Amino acid sequence: MSKILVTGGTGYIGSHTAIELIKSGHEVLIIDDLSNSKIEALDIIEKLSGKRPVFEQFKLRDSAKVDDFFEEYDIDAVIHFAASKAVGESVAFPMKYYKNNLVSLANVVDAMSVNNVKNIVFSSSATVYGQPDKLPATEETPILPAESPYGNTKQIGEEMLLDQTKASDTFTAIALRYFNPIGAHESGENGELPMGTPNNLMPFITQTAIGLRDELKIFGDDYNTPDGTAVRDYIHVVDIAKAHIKAVERMIDGKTESQFEVFNLGTGKGFSVKQVIESFEKTTGVNLNYSIAPRRIGDVEQIYASTEKANEILGWRADKTLDEMTLSAWKWEKHLKENK
Ligand code: UDP
């Protein structure tokens with residue numbers, strides 16, 4: 001059993017990871033400022049895992065609080081989710097993103113080094129690849145100039161960690177590049193909780209289906225893809241959560257092959273927006289009201305992951321299907337409505 005600090009642990013991916021960590025026998029401590037999540041997530045984590053994590057609410061931008069936390073608790077590893085993630089907002093308020101995502105990371109890494117905490121898993125994103133020339137995207141696919149301040153914080157975050165590994169013989173970081181996490185816990189009791197208008201496809205679909213929104217707009221049907229809509233590698237959030245357990249245990253067990261490792265987290269399969277809608281309609285029996293709208297600025301045409309490295313080296317494989325993703329997301333949306 002290890003003591004794992006999960007920053008952003010009440011958020012969408014963080015809360016699912018906290019559940020899987022506790023189920024794997026680890027002790028979980030959460031820091032979250034609740035800027036994009038609710039305190040009730042702790043009740044859900046406790047209910048679904050059997051144990052309530054230690055929780056402190058503060059901003060990681062506050063270095064004194066971060067230092068105090070690391071002094072108080074004897075942490076074995078950090079999984080760092082805490083970050084702002086709305087691409088459009090990052091274009092409008094870039095400094096919010098640099099402060100929230102990068103000053104915070106610097107504070108965490110500093111406190112780790114002072115307190116001799118060696119291991120960190122970092123939430124990165126497939127957005128670092130932009131639109132690759134060749135698909136699937138491997139971890140060697142060139143990183144392109146970021147399309148948004150949000151994307152830039154993921155690139156710079158990886159570089160910060162790489163630099164820290166060069167400054168220390170023992171500091172180890174694993175960056176996990178997420179493709180498109182969707183879906184919810186099989187119980188239907190934990191899932192994505194967008195504040196205000198969702199930015200991503202799946203919550204937009206479920207909110208439209210339940211009547212919170214009039215219609216879904218498909219952003220572009222003139223892409224060079226089989227049905228003209230953009231293609232992504234959607235991956236079940238619980239599969240993503242499980243990859244974090246593999247990554248953190250790999251570091252704690254001293255199995256990393258270098259001090260800085262990168263893995264793609266995807267299924268290796270690309271699905272179009274229309275295919276996601278079809279899966280949703282098929283699994284739920286609900287017809288979705290949608291129309292075609294212009295392309296969204298900054299969107300790439302298609303991307304999906306090479307999963308070879310994660311499969312072979314991390315020893316992890318996503319095993320849930322698109323139908324399981326869309327059905328679980330619907331179960332969660334209905335649960336939200338019933339528990340309003
Ligand atoms: N998308 C859409 N309508 C929406 C939200 C998203 O057609 O209301 C499309 C979007 O253009 C992209 C795909 O769904 O092709 C996935 O978008 P999302 O924002 O979920 O993820 P990302 O753009 O980060 O891959």
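What you are looking at is a predicted structure, and each value in this text was computed from that prediction instead of being measured. Remember, it's 1-based here, ligands and their atoms both numbered in the order they're listed.
- Regarding atom 1 (N) of ligand 1, its nearest protein heavy-atom neighbour is Phe219 CD1, 3.6 Å.
- Geometrically, Lys309 engages Phe263 in a cation-pi contact, judged by NZ or CZ lying under 6.0 Å from the ring centre and within 45° of the ring axis.
- With respect to atom 18 (P) of ligand 1, the closest heavy atom belonging to the protein is Asn200 ND2, 3.5 Å.
- If you check which protein heavy atom lies closest to atom 21 (O) of ligand 1, you get Asn180 ND2, 3.0 Å.
- Residue-ligand proximity, Leu216 to ligand 1, at heavy-atom distances under 4.0 Å covers atoms 8 (O).
- Checked for salt-bridge contact, Arg177 and Glu139 miss the test: no charged N lies under 4.0 Å from a carboxylate O.
- Near Phe204, meaning under 4.0 Å from one of its heavy atoms, ligand 1 places the atoms 8 (O).
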- Message: Determine whether Lys217 and Ser291 satisfy the following criterion, side-chain contact (heavy atoms from CB on, under 4.5 Å), listing intermediate values before the conclusion.
- Response: CA-CA 5 Å; Lys217 290 201 183 323; Ser291 65; 4.2 Å; yes
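- The distance criterion of under 3.5 Å between nitrogen or oxygen atoms is met by Leu201 with respect to ligand 1.
- Ligand 1 has at least one atom lying under 4.0 Å from a heavy atom of Tyr234.
- At the top of the distance list for atom 9 (C) of ligand 1, counting protein heavy atoms only, stands Val273 CG2, 3.8 Å.
- In this structure, Arg232 is not positioned above the aromatic face of Phe179 in the sense of NZ or CZ being under 6.0 Å from the six-membered ring centre and within 45° of the axis.
- Leu216 and Val276 end up in the same hydrophobic cluster when Ile, Leu, Val, Met, Phe, Trp and Tyr side chains are linked at under 4.5 Å.
- Of the possible donor and acceptor atoms, one in the side chain of Asp233 sits under 3.5 Å from a partner among the backbone N and O of Thr267.
- Atom numbering of ligand 1 starts at 1 in the shown order; those under 4.0 Å from a heavy atom of Asn199 are 19 (O).
- Close contacts between ligand 1 and Ile218 involve ligand atoms 7 (O) [criterion: under 4.0 Å to a heavy atom].
- Between the choices Arg296, Glu301, Arg232, the shortest heavy-atom distance to atom 17 (O) of ligand 1 belongs to Arg296.
- Close approach of ligand 1 to Asp299 (heavy-atom distance below 4.0 Å) involves ligand atoms 10 (C), 11 (O), 12 (C), 23 (O).
- For Phe69 and Tyr73, the ring centers sit closer than 6.0 Å to each other.
- In summary, the atoms of ligand 1 found under 4.0 Å from a heavy atom of Lys217, numbered by their order in the structure, are 2 (C), 3 (N), 4 (C), 7 (O), 8 (O).
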- Can you list the steps and then say if Lys282 with Asp323 is a salt bridge (charged side-chain N to carboxylate O under 4.0 Å, His left out)? CA-CA 8 Å; Lys282 183 186 76 185; Asp323 288 349; 2.7 Å; yes
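- Ring centroid separation for the pair Phe122 and His244 does not come in under the 6.0 Å cut-off.
- By the 3.5 Å distance cut-off applied to N or O atoms, Ala230 is not counted among the residues near ligand 1.
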